[in-house]
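So the structure is just underneath, and the comments pick up after that.
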Number of protein chains: 2
Amino acid sequence: MLSKRAKYAIKTILYLCRNGNNQAISAKKIAEEENIPYKFLENILRELRQHKILKSVRGPEGGYILISHPKDIKVVEIVRIVDGPIALIPCVSENFYEKCEECTDEQTCQIRKLFDELRNAMLPIFNKSLEELKNL
Amino acid sequence: MLSKRAKYAIKTILYLCRNGNNQAISAKKIAEEENIPYKFLENILRELRQHKILKSVRGPEGGYILISHPKDIKVVEIVRIVDGPIALIPCVSENFYEKCEECTDEQTCQIRKLFDELRNAMLPIFNKSLEELKNL
DNA sequence: ATAATTCCTATCAAAATAGTATGATATATG
DNA sequence: CATATATCATACTATTTTGATAGGAATTAT
């Protein structure tokens, strides 16, 4: 399952997309409009800023602004930042690889092969840009 | 992520496949051979039995036997029994549908559209039979 | 009778998830 | 400069899910 954190993150970025990236939009406003718990959103926004998805402006009239154009932000980036791996088992993850404890031979593991296929099927969907998502 | 429960379940069924479905195989043996905690496995086996994936024989020389031929058992069945929905958000699940709390309009929700596409991309992979999985 | 097994319910511990609290820091504006 | 409005940072808490264990009852081949 996608975490609420990730869902909120995507919603937030979609919201920022819709509102142009000229002026900063405050966490408060995003929280109200998108129905996201304010303090929880703050955490998410900080994480997105630290990963250079958006930048912040402090003080009154401050808020958050997307760094890149929506066409250059992929859904997969957001999900990886917030939720971690796309793959459903860690031994087929590109970005968060981990060996399975009990697995004796990765090369012949049938479960691994299946979930590798699965990951490859999922990736093209996750690779869509926020621009494409907006126009779905 | 796939739960260990689901992974153990698939491994168990693959093990039963390999050993033919003539004679019952005990939980003890499966646990040892496949490195699954015995008591945890018992729970999983019971669930699979209750869902008619396998049948049990009690007493000495007892154990578990697959009910159907591996070609007639789909990975997706096992995952749904053990882990629940395939879809990453509940509002696009066929078998475990739930409305998203905050969503105002499902028809226009872009996140929903994306995860519906995702689910449709995942399904063909999950629909493989255990027989196919064995021969991957 | 015995031992090997499934069957069942309850319980537990650890980890992940979702959210809250508190307060420091920065800054536009009057 | 004072104030109000923001972000920034860390730590905490509550709830749910996951992974596993405990203890014993019921069944049955030998």
Side-chain angles (χ1 to χ4, degrees), chain A residues 1-12 16 23-32 34-65 67 79 81-85 88-90 96 98 100-102, chain B residues 1-12 16 23-32 34-65 67 79 81-85 88-90 96 98 100-102:
Chain A
M1 280 284 171
L2 192 78
S3 71
K4 288 212 168 186
R5 219 178 147 76
K7 198 174 177 188
Y8 291 158
I10 297 173
K11 282 190 151 194
T12 294
L16 292 177
Q23 66 182 34
I25 299 183
S26 71
K28 182 158 175 266
K29 178 150 195 199
I30 301 170
E32 282 167 1
E34 293 294 329
N35 244 297
I36 304 171
Y38 173 70
K39 278 296 190 179
F40 196 24
L41 178 60
E42 271 198 343
N43 290 336
I44 296 166
L45 286 166
R46 181 158 47 80
E47 198 168 21
L48 293 175
R49 176 180 53 81
Q50 285 168 344
H51 285 85
K52 311 277 187 222
I53 302 297
L54 36 79
K55 60 190 172 189
S56 61
V57 180
R58 300 180 73 158
E61 303 295 301
Y64 298 86
I65 306 174
I67 289 180
V79 174
I81 288 170
V82 175
D83 272 3
L88 294 200
I89 51 176
F96 300 85
E98 274 178 59
C100 294
E101 305 158 13
E102 358 78 68
Chain B
M1 278 284 172
L2 192 78
S3 72
K4 287 211 170 187
R5 221 177 147 78
K7 197 174 177 187
Y8 292 158
I10 297 173
K11 281 189 151 194
T12 294
L16 292 177
Q23 66 181 34
I25 299 183
S26 71
K28 181 158 174 266
K29 177 151 195 198
I30 300 170
E32 282 167 359
E34 293 293 329
N35 244 298
I36 304 172
Y38 173 70
K39 278 294 193 180
F40 195 23
L41 178 61
E42 270 197 342
N43 289 336
I44 296 165
L45 286 165
R46 182 160 45 83
E47 197 167 22
L48 292 175
R49 176 181 54 82
Q50 285 168 344
H51 284 87
K52 311 278 186 221
I53 301 297
L54 36 80
K55 60 189 174 191
S56 60
V57 180
R58 300 178 75 160
E61 302 296 301
Y64 298 86
I65 306 174
I67 289 180
V79 174
I81 288 170
V82 175
D83 272 3
L88 295 199
I89 51 177
F96 300 85
E98 276 177 57
C100 294
E101 305 158 14
E102 359 78 71

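Scope of the values below: all heavy atoms of this structure, side chains included, with no hydrogens, waters or symmetry mates. Numbered from 1 within each chain, the chains take letters A, B, ... in sequence-line order.
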Pair of N/O donor and acceptor under 3.5 Å linking C:dT6 base with B:Arg58 side chain: yes
When you compare the side chain of [Y] with that of [X], does any pair of heavy atoms fall below 4.5 Å?
| X | Y | answer |
| --- | --- | --- |
| B:Arg5 | B:Asn43 | yes |
| B:Ser56 | B:Arg46 | no |
| A:Pro85 | A:Glu98 | no |

Residues B:Lys29, B:Glu32: salt bridge by 4.0 Å N-O rule: no
Along DNA chain D (nearest heavy atom to each residue), the more 5'-positioned of A:Asn43 and A:Gly62: A:Gly62
Residue met sooner reading DNA chain D from 5', once B:Val57 and A:Lys39 are mapped to nucleotides: A:Lys39
OP1 or OP2 of [N] sitting under 4.0 Å from any side-chain N/O of [X]?
| X | N | answer |
| --- | --- | --- |
| B:Ser56 | C:dT5 | no |
| A:Tyr38 | C:dG19 | no |
| B:Arg49 | C:dC7 | yes |
| A:Tyr64 | D:dC8 | yes |

Atom-to-atom span, [atom1] of [X] to [atom2] of [N] - whole angstrom:
| X | N | atom1 | atom2 | result |
| --- | --- | --- | --- | --- |
| A:Phe40 | D:dT13 | CZ | P | 18 Å |
| B:Met1 | C:dT17 | CE | C1' | 15 Å |
| B:Gln50 | C:dT6 | CD | C1' | 12 Å |
| B:Gln23 | D:dA29 | CD | C1' | 15 Å |
| A:Asn35 | C:dA18 | CG | P | 16 Å |
| B:Glu47 | C:dT9 | CD | P | 13 Å |
| B:Leu41 | D:dT18 | CG | P | 18 Å |
| A:Phe96 | C:dA16 | CZ | P | 14 Å |

With nearest nucleotide decided by heavy atoms, which residue, A:Pro37 or A:Gly59, maps closer to the 5′ end of DNA chain C? A:Pro37
Approximate separation, where rounding is to 0.5 Å, of B:Thr12 OG1 and B:Leu54 CG: 8.5 Å
Please work out if A:Lys4 contacts a base, only the sugar-phosphate, or nothing of the nucleic acid, heavy-atom cut-off 4.0 Å. sugar-phosphate
When all nucleic acid strands are considered with a 4.0 Å heavy-atom cut-off, which category describes B:Ala27: base, sugar-phosphate, or nothing? sugar-phosphate
Options C:dT9, D:dT21, C:dA28, nucleotide nearest the side-chain atoms of B:Arg46: C:dT9
